[in-house]
Visitor: 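Encoded as structure tokens, here's the structure I'll be asking about.
Proteins come first, then strands; the chains are lettered A, B, ... in the order of their sequence lines, and each starts at number 1. As a basis for the values below, the full set of heavy atoms in this structure was taken, side chains included, without hydrogen atoms, waters or symmetry mates.
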Amino acid sequence: MANEDKMKELDLQVLRHSCSHVLAQAVKRLYPNVKLGIGPAIDTGFYYDFDTETPFTPEDLEKIEAEMKKIVKENLKIERFELPRGEALALMQERDEPYKIELINDLPDDAVISFYKQGEFVDLCAGPHVNYTGKAKAFKLLSATGAYWKGSEKNKMLQRIYATCFANKTDLEEYLVQLEEAKKRDHNKLGRELELFTTSEYIGQGLPIILPKGSRIIQTLQRFVEDEEEKRGYLLTKTPLMAKSDLYKISGHWYHYKENMFIMGDEEKDKEVFALRPMTCPFQFQSYLAAARSYRDLPLRYGETSTLFRNEASGEMHGLIRVRQFTISEGHIACRPDQLEDEFKDCVDLALYMLKSVGLDSDVTYRFSKWDPNNKEKYIGSEEEWDKVQARMKVILDKLGIDYTEADGEAAFYGPKLDIQIKNVHGKEDTLVTIQIDFQLAERFGMEYTDSDGAKKYPYVIHRTSIGCYERTLALLIEKYAGAFPTWLAPVQVKVLSLSDRHNDYVSEIQNKFRENRIRVEIDTRNEKIGYKIREAQLEKVPYMLVVGDKELETGSVSVRSRKDGDKGSMSVDEFMNMILDEIKTRKL
RNA sequence: GCUGGUGUAGCUCAAUAGGUAGAGCAGCUGAUUUGUAAUCAGCAGGUCGCGGGUUCGAGUCCCAUCACCAGCUCCA
């Protein structure tokens with residue numbers, strides 16, 4: 001980013017932060033009893049949290065926005081002042097702002113305590129700010145939602161108002177249009193419109209029904225993944241979808257993951273209690289345990305297209321991105337310490353190859369997810385072990401030369417992770433691919449191998465996905481391509497359109513030929529005008545439409561229309577077939 | 001799980017202040033045999049998410065519940 005752009009970005013942050021004060025001032029004017037939380041600038045604008053007895057309605061937002069416009073018009077001077085801790089607390093006491101008092105008490109002893117004042121409004125704030133409220137001309141309130149104080153569900157839920165603000169009206173308008181455009185790509189809307197998936201209230205929340213077209217895309221991805229894993233020496237397993245609680249007690253899931261598991265039976269009453277599997281690891285470990293292992297057997301790479309069940313809280317489900325049942329390209333690699341680096345690198349290589357193949361490689365970021373040393377009960381293993389394995393992982397990551405951020409408290413309960421993150425159309429980030437180093441579960445399960453010196457040792461286990469879970473990946477692909485998938489992924493690759501019913505036999509002939517060559521083809525021989533059929537195929541986002549009439553019938557050709565470029569003229573059936581087969585084979589994006 | 005919003009035909013949406021549901025598209029039937037983004041006509045389609053309640057009367061008001069959406073928390 002150029003220096004100038006950075007400055008602009010910074011200016012915008014300051015402006016947005018000031019705009020959040022204007023919002024808070026407006027709220028205090030209209031609802032004096034409301035208590036102030038915090039109001040920072042964010043990527044897309046800003047928010048402010050308020051403690052209020054009666055949540056804000058959409059009508060309230062309109063009133064607040066009108067009041068904000070007044071404050072902007074009043075063009076109040078924004079002034080900074082500092083107070084010693086005692087006086088700062090007294091001021092907030094006097095203004096009856098309990099959350100601000102808590103914030104002051106949280107500040108370190110040597111902190112400078114600053115306030116910003118505009119007209120009658122005063123807020124505890126580090127700043128900086130613009131100098132007059134008149135600068136915040138281009139803003140818009142977007143939504144009101146609940147948000148926990150200090151982000152903890154143990155605390156009271158405050159009311160958050162989200163808004164956006166730009167340097168000028170043009171930028172604001174542009175952003176709002178962009179928001180609307182993004183909504184059109186939303187997989188949850190588009191995926192249903194394109195008949196890729198649906199949901200049923202009789203089946204339940206977080207349990208999407210993948211329709212034939214969506215299934216075809218997933219199948220294409222799955223075949224690709226399984227073939228590639230086979231090439232890379234993976235061993236395929238088919239393990240059960242459920243197990244007795246005994247298994248999860250060994251793995252630790254029973255103690256660290258129970259609230260996310262679907263458990264069948266009552267521990268008090270039943271002799272055996274079963275649970276649907278939330279992860280595949282303990283199952284694939286049984287495969288390792290099926291024979292005595294030598295150092296020569298390692299690495300052992302197990303792969304499985306694995307369906308998992310996780311009992312997510314009801315409010316957490318989202319389209320295909322967050323569901324209760326999903327299928328994932330799951331894999332576990334047992335390896336010796338000296339193999340760890342190469343195996344890890346191969347996992348990253350595999351994931352990147354997959355992402356590149358579907359065109360998502362430039363949309364992801366990397367996160368090194370570590371444990372939280374202040375929250376040890378969430379994890380198994382000792383501090384020394386965690387430090388050691390995290391240090392080793394860091395070395396590997398640095399050698400890979402990828403640009404990653406570090407995140408405390410994001411590790412799995414059994415080990416640190418490299419998470420490949422992606423943002424959806426609403427800007428919300430999720431994990432697409434994860435590669436984890438597990439230094440503990442092998443020992444728990446007694447997964448030994450005999451080393452060259454005759455000693456029994458435990459291998460490292462890498463838990464990894466190669467393309468993430470298929471539901472989520474499909475969702476992101478829908479959004480990436482706005483439903484217009486590359487030909488190799490498209491559920492329908494060609495649609496053959498007849499001009500009139502005398503051409504129907506020829507259409508069927510072409511259909512059969514394409515099917516034999518595994519080109520996904522549909523035909524439209526309805527008694528409709530060609531323009532109508534084209535419009536429909538175009539809205540279904542089919543990559544190629546073939547128009548056939550008398551001319552084509554006589555010469556054994558087809559008239560090709562591409563979704564992207566329109567009419568491409570005529571060519572022979574074989575010529576077209578070779579072209580599209582090549583496009584599919586090379587996975588052209 | 002929490003906060004707020006939404007729920008009328010397959011889809012998109014109407015229904016004045018509570019008086020018994022309407023349109024476009026899709027579907028079906030018929031006519032039209034069509035040359036690159038919508039041919040015309042007719043027909044059919046709804047226990048207004050589900051369950052209670054208030055009322056002479058509820059799509060409209062109240063309660064509960066389910067699902068969907070945005071956000072928080074949580075996560076692949």
Side-chain angles (χ1 to χ4, degrees), chain A residues 47 49 52 54-58 60-61 142-162 183 186 188-189 192-193 195 198-206 257 259-260 278-279 306 308 310-319 321-323 326-330 369 410 412 417 419-422 426 428-434 436 463-465 467-473 475 497-504 526-539 545-552 559-563 566-570:
Chain A
Y47 66 79
D49 288 345
T52 167
T54 48
F56 301 113
T57 63
D60 290 337
L61 290 191
L142 298 173
S143 62
T145 65
Y148 298 107
W149 169 239
K150 288 183 174 171
S152 168
E153 60 182 333
K154 291 185 187 109
N155 291 336
K156 182 165 182 184
M157 180 163 270
L158 308 181
Q159 295 299 314
R160 173 173 297 177
I161 294 178
Y162 277 100
K183 273 187 200 154
D186 186 340
N188 210 357
K189 190 165 169 17
R192 289 167 197 270
E193 273 169 21
E195 296 182 6
T198 186
T199 48
S200 158
E201 62 179 302
Y202 299 108
I203 290 180
Q205 250 197 318
Y257 210 77
E259 76 247 21
N260 275 308
M279 297 180 192
S306 179
L308 305 179
R310 296 187 187 175
N311 193 5
E312 304 293 348
S314 63
E316 284 162 7
M317 261 73 74
H318 170 62
I321 286 185
R322 195 74 185 280
V323 292
F326 54 94
T327 299
I328 197 164
S329 57
E330 184 83 281
S369 298
E410 297 288 346
K417 311 191 283 177
D419 291 320
I420 303 185
Q421 303 291 106
I422 190 158
H426 294 109
K428 194 178 159 81
E429 188 179 282
D430 273 296
T431 302
L432 190 59
V433 172
T434 183
Q436 315 170 349
H463 303 231
R464 45 102 278 185
T465 65
I467 203 170
C469 97
Y470 290 101
E471 290 81 354
R472 183 174 284 182
T473 302
L497 317 175
S498 64
L499 219 42
S500 82
D501 51 18
R502 10 174 229 290
H503 312 116
N504 289 355
R526 290 175 306 172
N527 183 5
E528 294 289 353
K529 291 178 85 168
I530 198 68
Y532 182 86
K533 296 183 185 184
I534 286 171
R535 177 183 155 78
E536 204 155 278
Q538 194 78 39
L539 290 174
M545 290 148 263
L546 303 183
V547 177
V548 304
D550 290 339
K551 220 167 37 183
E552 289 76 15
S559 186
V560 181
R561 184 189 163 94
S562 118
R563 168 182 70 191
D567 196 346
K568 307 263 277 183
S570 68

Visitor: Do you know the tightest heavy-atom contact between M545(A) and S562(A)?
Guide: CE-C, 4.3 Å
Visitor: Which part of the nucleic acid does G319(A) contact within heavy-atom distance under 4.0 Å: base, sugar-phosphate only, or nothing?
Guide: sugar-phosphate
Visitor: Classify G531(A) by what it touches in the nucleic acid, base, sugar-phosphate, or nothing, heavy-atom distance under 4.0 Å.
Guide: sugar-phosphate
Visitor: Students often get this wrong, so: under 4.0 angstrom with heavy atoms, is F56(A) touching a base, only sugar-phosphate, or nothing?
Guide: nothing
Visitor: Decide yes or no, distance alone: a donor-acceptor N/O pair under 3.5 angstrom between the base of C74(B) and the side-chain of R322(A).
Guide: yes
Visitor: Side-chain donor or acceptor of E552(A) under 3.5 Å from a matching atom on the base of G35(B)?
Guide: yes
Visitor: Counting only Watson-Crick pairs (N1-N3 plus N6-O4 or O6-N4) and G-U wobbles (N1-O2, O6-N3), all under 3.5 Å, who is the partner of A21(B)?
Guide: none
Visitor: Contact class for K417(A) vs. all strands (heavy atom < 4.0 Å): base, sugar-phosphate, or nothing?
Guide: sugar-phosphate
Visitor: Report which part of the nucleic acid T465(A) touches: base, sugar-phosphate, or nothing (heavy-atom distance under 4.0 Å, all strands).
Guide: nothing
Visitor: Base, sugar-phosphate, or nothing: which does I530(A) touch, judged by heavy atoms less than 4.0 Å apart?
Guide: sugar-phosphate
Visitor: Are F326(A) and the base of A76(B) stacked, counting only ring centres nearer than 5.5 Å and planes tilted under 30°?
Guide: yes
Visitor: Is there a Watson-Crick or G-U wobble partner for C72(B) with both distances under 3.5 Å, and which nucleotide is it?
Guide: G1(B)
Visitor: Categorize E316(A) for me: base, sugar-phosphate, or nothing, with a 4.0 angstrom heavy-atom threshold over every strand shown.
Guide: base
Visitor: Taking the side chain of R535(A) as its heavy atoms from C-beta onward, which of C68(B), A76(B), A38(B) lies nearest to it?
Guide: A38(B)
Visitor: Sort out the partner of G7(B) for me: Watson-Crick or G-U wobble, both distances under 3.5 Å, none otherwise.
Guide: C66(B)
Visitor: Could you check how far CD of Q538(A) sits from P of A38(B), rounded to whole Å?
Guide: 11 Å
Visitor: If you go through the side-chain atoms of Y47(A), does one of them form a donor-acceptor pair with the base of G71(B) closer than 3.5 Å?
Guide: no
Visitor: Hunt down the Watson-Crick or G-U wobble partner of C61(B), both distances under 3.5 Å, from any strand shown, or write none.
Guide: G53(B)
Visitor: I need the CG-P distance between D430(A) and C72(B), as an integer number of Å.
Guide: 11 Å
Visitor: Base, sugar-phosphate alone, or nothing: which one does L308(A) contact when heavy atoms must sit under 4.0 Å apart?
Guide: nothing
Visitor: Checking all strands, does R310(A) fall into the base, sugar-phosphate, or nothing category for heavy-atom contacts under 4.0 angstrom?
Guide: base
Visitor: Between C74(B), U36(B), C68(B), which one does the side chain of Q205(A) approach most closely?
Guide: C68(B)
Visitor: Do E330(A) and L308(A) touch side chain to side chain, with heavy atoms closer than 4.5 Å?
Guide: yes
Visitor: Counting any heavy atom closer than 4.0 Å, what does N260(A) reach on the DNA or RNA strands: base, sugar-phosphate only, or nothing?
Guide: nothing
Visitor: Could you tell me whether the side chain of R563(A) reaches within less than 4.5 Å of the side chain of Q538(A), counting heavy atoms only?
Guide: yes
Visitor: What is the distance from NE2 of H426(A) to P of G71(B), rounded to the nearest Å?
Guide: 6 Å
Visitor: By the 4.0 Å heavy-atom rule, please label E528(A) as base, sugar-phosphate, or nothing.
Guide: base
Visitor: Using the side-chain heavy atoms of T431(A), tell me which of these nucleotides is nearest: C72(B), A76(B), U36(B).
Guide: A76(B)
Visitor: Which base, if any, makes a Watson-Crick or G-U wobble pair with U39(B), both distances under 3.5 Å?
Guide: A31(B)
Visitor: What's the CZ-C1' distance between R526(A) and C28(B), to the nearest Å?
Guide: 13 Å
Visitor: Take the protein atom OH of Y202(A) and the nucleotide atom C1' of C50(B), then report the distance between them rounded to whole Å.
Guide: 8 Å
Visitor: Name the nucleic acid region contacted by G204(A), choosing base, sugar-phosphate or nothing; use a 4.0 angstrom heavy-atom cut-off, strictly under.
Guide: nothing
Visitor: Could you check whether K533(A) gets within reach of a base, just the sugar-phosphate, or nothing at all, counting any heavy atom under 4.0 Å?
Guide: nothing
Visitor: Using a cut-off of 4.0 Å on non-hydrogen atoms, how would the nucleic acid contact of V323(A) be classed: base, sugar-phosphate, or nothing?
Guide: base
